[in-house]
Amino acid sequence: EKGEYRHFMEKEIHEQPDSVQHTLSEYLDLVTGKAKTNAIDFAAVERIQIVACGTAFYAGQIGRYAFERLAGLPCDVEIASEFRYRSPAVSPKTLAVAVSQSGETADTLASLTWCKAQGLKTAAVVNVHSSSMAREAEVLWPTHAGPEIGVASTKAFTAQVAALLALAVAAGVARGRIDAAQEAELVKALFESPRLIAEALRMDASIRSVVQDLAKADDILFLGRGAMFPLAMEGALKLKEISYIHAEGYAAGELKHGPIALIDEETPTIALAPLDDVFEKTASNLQEVAARGGPVIMIAPENAPDPHGAGIRRIHAPDCHPLIAPLVYAVPMQLLAYYTAVQKGTDVDQPRNLAKSVTVE
Ligand code: M6R
């Protein structure tokens, strides 16, 4: 039941400190500061192929940044409806990973079955542990988000990201890329995410102060670099799904290759700008938007420098380790979509035309 909340989506957003904590504990040991051993020998894997749809696809893309950076493991991520029909060339030591909340999405399941038939090792990151994908894959990598009722995925997404980040640490250790001290630091950083997600939930007042403007817009741009790029696409998807406002997520560096032509006074840009090694680059992209009269909302920690430019509004996010930024910054993405939809009076939990589980193609 919804309890004190107006919508299941709101309730599920607030459950994330627990669901992320629970999911991380599946893969990491808080006491020893070590990644747990799991059924896959990452040292024997040469490539990872992630297949997924929708929000799970964006979680997969965030996972990819971590598998490559922390484990030096080449990782491809593809939308399952494309993967299954394009006769992909896969090398034999590839680990195929399906990511899915329901474990029933038709295209993702078909891609998993195809990979298995090619003789690949298979794993499934799924939230419904009795699902078709859980049974089909050799290895089940569970997320512990609990039942998700809202059609727009929130806590299942952060649980997928948490699982993939934790598995990337495990892969880095197994492949000799991460030593014991680094492992302890990364495990500690990951276990800080539930507290920082709880802190991010307190951003709701500052987010509510911008939704009136957002609700009036016809188009909204989301920008980010690194793992914030797939999160920008997830933020745009969430907004589209429940507020019916057209939104696009872009890599901030792509701005001048096209989307900057859309910038005008009526088109807000939302930027995800944690203090990481590409912060300055993102900040300079925002100056370019502001210089063209586009309203900018920059989500960044309070101690991040101010980019010069009229029209740049700031929303403060908790400062955090770059590894967990996708978990922490997912919260303002969800809150923005949620409050904008509430402002517009749409059916948040049952958006038009959408089904919770897409079991037909
Ligand atoms: O159950 P799955 O994770 O496989 O579902 C995949 C997508 O259908 C799902 O993420 C969809 O994009 C959601 N409506 C996102 O909010």
Side-chain angles (χ1 to χ4, degrees), residues 23 26-27 38-42 44-68 71 73-145 147-148 151 153 155-168 170-171 174 230 233-234 237 354-361:
T23 301
E26 172 82 31
Y27 300 97
N38 59 68
I40 292 287
D41 176 12
F42 281 109
V45 171
E46 283 178 3
R47 240 191 144 77
I48 294 185
Q49 173 68 60
I50 296 177
V51 286
C53 299
T55 285
F57 170 65
Y58 299 133
Q61 285 189 312
I62 291 168
R64 170 186 176 211
Y65 283 90
F67 278 116
E68 299 215 344
L73 193 50
C75 182
D76 295 306
V77 189
E78 192 161 350
I79 294 169
S81 56
E82 283 302 310
F83 182 85
R84 69 179 287 198
Y85 289 121
R86 74 173 177 84
S87 310
V90 286
S91 45
K93 288 188 177 157
T94 299
L95 167 67
V97 181
V99 182
S100 173
Q101 189 285 127
S102 62
E104 301 296 345
T105 301
D107 288 320
T108 310
L109 179 59
S111 299
L112 181 65
T113 304
W114 184 86
C115 288
K116 209 171 149 186
Q118 304 301 303
L120 302 186
K121 275 210 158 313
T122 54
V125 176
V126 291
N127 196 45
V128 179
H129 308 157
S130 57
S131 60
S132 303
M133 280 180 229
R135 279 179 273 121
E136 179 76 352
E138 271 169 74
V139 176
L140 168 61
W141 279 332
T143 53
H144 297 290
E148 190 180 61
V151 167
S153 182
K155 63 175 180 170
F157 170 71
T158 46
Q160 288 161 351
V161 172
L164 291 167
L165 295 179
L167 286 161
M233 293 191 281
E234 166 61 7
L237 177 67
L354 293 176
K356 181 66 187 160
S357 184
V358 184
T359 52
V360 291
E361 35 175 326

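The first residue in the sequence is number 1, and the count goes up from there. What you see is a predicted model, and the numbers here were worked out from it, not measured in a lab.
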message = With a 4.5 Å cut-off on side-chain heavy atoms, are E46 and S91 touching?
response = no
request  = Please round to the nearest 0.5 Å and tell me the distance separating atom CD of E104 and atom NZ of K356.
outcome  = 13.0 Å
task = Could you tell me which non-hydrogen atom of L165 sits nearest to which non-hydrogen atom of A66, and how far apart they are?
result = CD2-CB, 3.6 Å
ask   = Where is the tightest heavy-atom contact between A159 and T23, given as atom of each residue plus distance?
value = O-CG2, 3.5 Å
message = Checking side-chain contact (heavy atoms from CB on, under 4.5 Å) between W141 and each of V126, V99, I40, which is the one that passes?
response = I40
Least distance between heavy atoms, A98 atom then M133 atom = CB-SD, 4.0 Å
ask   = Going from CD on Q160 to CG on N127, what distance comes out if it is rounded to the nearest 0.5 angstrom?
value = 7.5 Å
request  = Determine, stepwise, if the pair F83 / T108 fulfils side-chain contact (heavy atoms from CB on, under 4.5 Å).
outcome  = CA-CA 9 Å; F83 182 85; T108 310; over 6 Å; no
query = Going from CD on E361 to CG on D107, what distance comes out if it is rounded to the nearest 0.5 angstrom?
reply = 5.5 Å
message = Can you tell me how far apart CD1 (I62) and CD (E234) are? Round to the nearest 0.5 Å.
response = 7.5 Å
query = What closest approach, in Å, do L237 and Y58 show between heavy atoms, and which atom pair accounts for it?
reply = CD2-CE1, 3.8 Å
request  = Would you confirm whether S357, through its side chain, and T359, through its main-chain N or O, come within 3.5 Å as a donor-acceptor pair?
outcome  = no
Distance-minimising heavy-atom pair for A96 and L120 = CB-CD1, 4.4 Å
Nearest heavy-atom neighbours spanning S131 and G103 = OG-CA, 3.4 Å
query = Would you call the rings of F67 and F42 parallel, tilted or perpendicular if under 30° counts as parallel and over 60° as perpendicular?
reply = tilted
inquiry  = Between R47 and P74 (side chain of the first, backbone of the second, donor and acceptor by atom type, cut-off under 3.5 Å), is there such a pair?
reply    = no
key: Donor-acceptor pair, side chain of S111 and main chain of A80, under 3.5 angstrom   = yes
ask   = Any donor-acceptor pair under 3.5 Å linking the side chain of T122 with the backbone of E138?
value = yes
Q101 vs K155, side-chain contact (heavy atoms from CB on, under 4.5 Å): CA-CA, chis, key distance, verdict = CA-CA 10 Å; Q101 189 285 127; K155 63 175 180 170; over 6 Å; no
request  = Drop me the distance from R84's CZ to L109's CG, to the nearest 0.5 angstrom.
outcome  = 8.5 Å
query = Can you tell me how far the CD atom of E68 sits from the CG atom of L73, to the nearest 0.5 Å?
reply = 7.5 Å
